[in-house]
Amino acid sequence: MSSEADQTRDQSRDRDGDDEVAEIIGKLVSQDVPGETDGAERRRLLGRLSGALATSARKASASGVGRGRWLADLFMNVATRLPIRDLATLQEHHYGLTGEQLADDLVRTATKATMAVGAVGGALAAAEFAAPPLLLSAPAQLVAETVVVAAIEVKLLAELHEVYGVQVPGTGPNRAALFAIAWSKQRGVDPLKPASVTLALGAAAKTSLRNRLMRTLGRHLTTLGPFLTGAVAGGALNRLATKRLAVAVRTDLRRQRGLPPAPQR
């Protein structure tokens, strides 16, 4: 009886931890809504998120769950709670823009957001690098940066589907899973391929998500450097990666809608 009560309490604490992580990330990905998050608040939220993720990782390690699997499971839970806006809300938040101009603005704000997160995460990592006794705390900060950047990019990918009128079927959680897996493959969702819907939560899809998250984490590990080098590298790497994702997804969505390719710039 006592064992069942302990298990129930553990599950309740795990849910509370998941809720805290999702709540913090929800605030961090709302940066393209004017006035939502400033630099000081972003640093504070990333600090809170690092602590919550460190606690979650320790629990996962104690239960024998590998870091890659833990990160993928955690992120899939986060993805189902991301605040994805519909077309009308996007237009309201982006000064009435439509079509390609709205897509351009979405990409611009998302790259600014991932660049800002990378700069903060890189600066935190650089500070730890300069203080060796605290270096062990750096990985939690970089995991936090990885999850937030991935969330911003999944949100961007999902909202680009709204802009281009590519309707992805399914319930909220199912659609979120599709967008997360599409992010892992750096592609748009093709709703005309039923397999993409039915296989979204399959083993291969989860492996793809885990691999993409670990590659993103590996990229952020390169920002471990002294002084300001981490901040500069973190921001620049995130900006380039988000722009590359946006180009690939927009190309897919234009093709699905029969739109001409983007003009060369």
Side-chain angles (χ1 to χ4, degrees), residues 12-57 70-94 105-121 124 140-163 168 170-184 209 212-213 216-217 220 238 241-242 245-246:
S12 177
R13 281 195 294 268
D14 288 345
R15 282 194 298 272
D16 290 343
D18 289 347
D19 289 344
E20 182 184 12
V21 167
E23 176 194 355
I24 297 169
I25 292 175
K27 292 178 180 177
L28 282 163
V29 301
S30 297
Q31 321 211 11
D32 48 359
V33 179
E36 280 293 315
T37 310
D38 61 19
E41 178 69 357
R42 187 181 295 114
R43 285 190 292 274
R44 187 186 71 79
L45 289 170
L46 277 171
R48 274 186 62 199
L49 181 60
S50 297
L53 290 175
T55 300
S56 177
W70 161 75
L71 188 57
D73 288 345
L74 178 142
F75 184 71
M76 188 60 80
N77 179 62
V78 167
T80 64
R81 308 187 194 194
L82 289 175
I84 308 302
R85 296 166 294 182
D86 60 21
L87 182 58
T89 305
L90 287 169
Q91 290 174 331
E92 179 184 347
H93 287 169
H94 290 267
D105 212 41
L106 278 178
V107 174
R108 187 159 43 247
T109 52
T111 54
K112 285 181 180 178
T114 58
M115 187 174 178
V117 170
V120 171
L124 289 171
Q141 295 161 356
L142 295 181
V143 171
E145 179 186 345
T146 295
V147 174
V148 174
V149 167
I152 291 170
E153 291 184 345
V154 170
K155 182 170 181 281
L156 169 65
L157 182 149
E159 292 179 347
L160 285 173
H161 285 70
E162 288 288 324
V163 173
V168 177
T171 62
N174 287 342
R175 293 176 77 244
L178 284 171
F179 290 134
I181 299 305
W183 171 80
S184 75
L209 179 61
R212 175 61 60 183
L213 285 164
T216 304
L217 176 59
H220 292 151
N238 284 351
T242 303
L245 167 72

Got a sec, which residues hit side chain to side chain contact (heavy atoms under 4.5 Å, CB included) with [X], two or more places apart in sequence or on another chain?
X: A241; result: E153, R219, R244
X: E92; result: none
X: R175; result: E162, V168, F179

Quick one: [atom1] on [X] to [atom2] on [Y], what's the gap to the nearest 0.5 Å?
X: L53; Y: I24; atom1: CG; atom2: CD1; result: 8.0 Å
X: I25; Y: R48; atom1: CD1; atom2: CZ; result: 11.5 Å
X: L245; Y: T114; atom1: CG; atom2: OG1; result: 9.5 Å
X: T109; Y: L156; atom1: OG1; atom2: CG; result: 7.5 Å
X: T146; Y: N238; atom1: OG1; atom2: CG; result: 8.5 Å
X: R43; Y: E41; atom1: CZ; atom2: CD; result: 10.5 Å

Might you point out which heavy atoms bring [X] and [Y] nearest each other, and give the distance in Å?
X: L209; Y: A180; value: CD1-O, 3.9 Å
X: P83; Y: G26; value: CG-O, 4.4 Å
X: E20; Y: A52; value: OE1-CB, 4.0 Å

Can you check whether [X] reaches [Y] side chain to side chain, under 4.5 Å on heavy atoms?
X: L46; Y: Q141; value: no
X: R85; Y: K155; value: yes
X: V29; Y: L82; value: yes
X: E23; Y: D19; value: no
X: L213; Y: V147; value: no
X: V21; Y: F75; value: no
X: L45; Y: V148; value: no

Set of side chain to side chain donor-acceptor pair (under 3.5 Å) partners for [X], sequence neighbours left out:
X: T80; value: none
X: S184; value: S208
X: S56; value: W70

**Q.** Listed partners of R212 passing salt bridge (Lys or Arg N to Asp or Glu O under 4.0 Å), at least two apart
**A.** none
Q: Kindly state each residue pair satisfying salt bridge (charged side-chain N to carboxylate O under 4.0 Å, His left out) with at least one member in residues 108-119, sequence neighbours excluded.
A: D105-R108
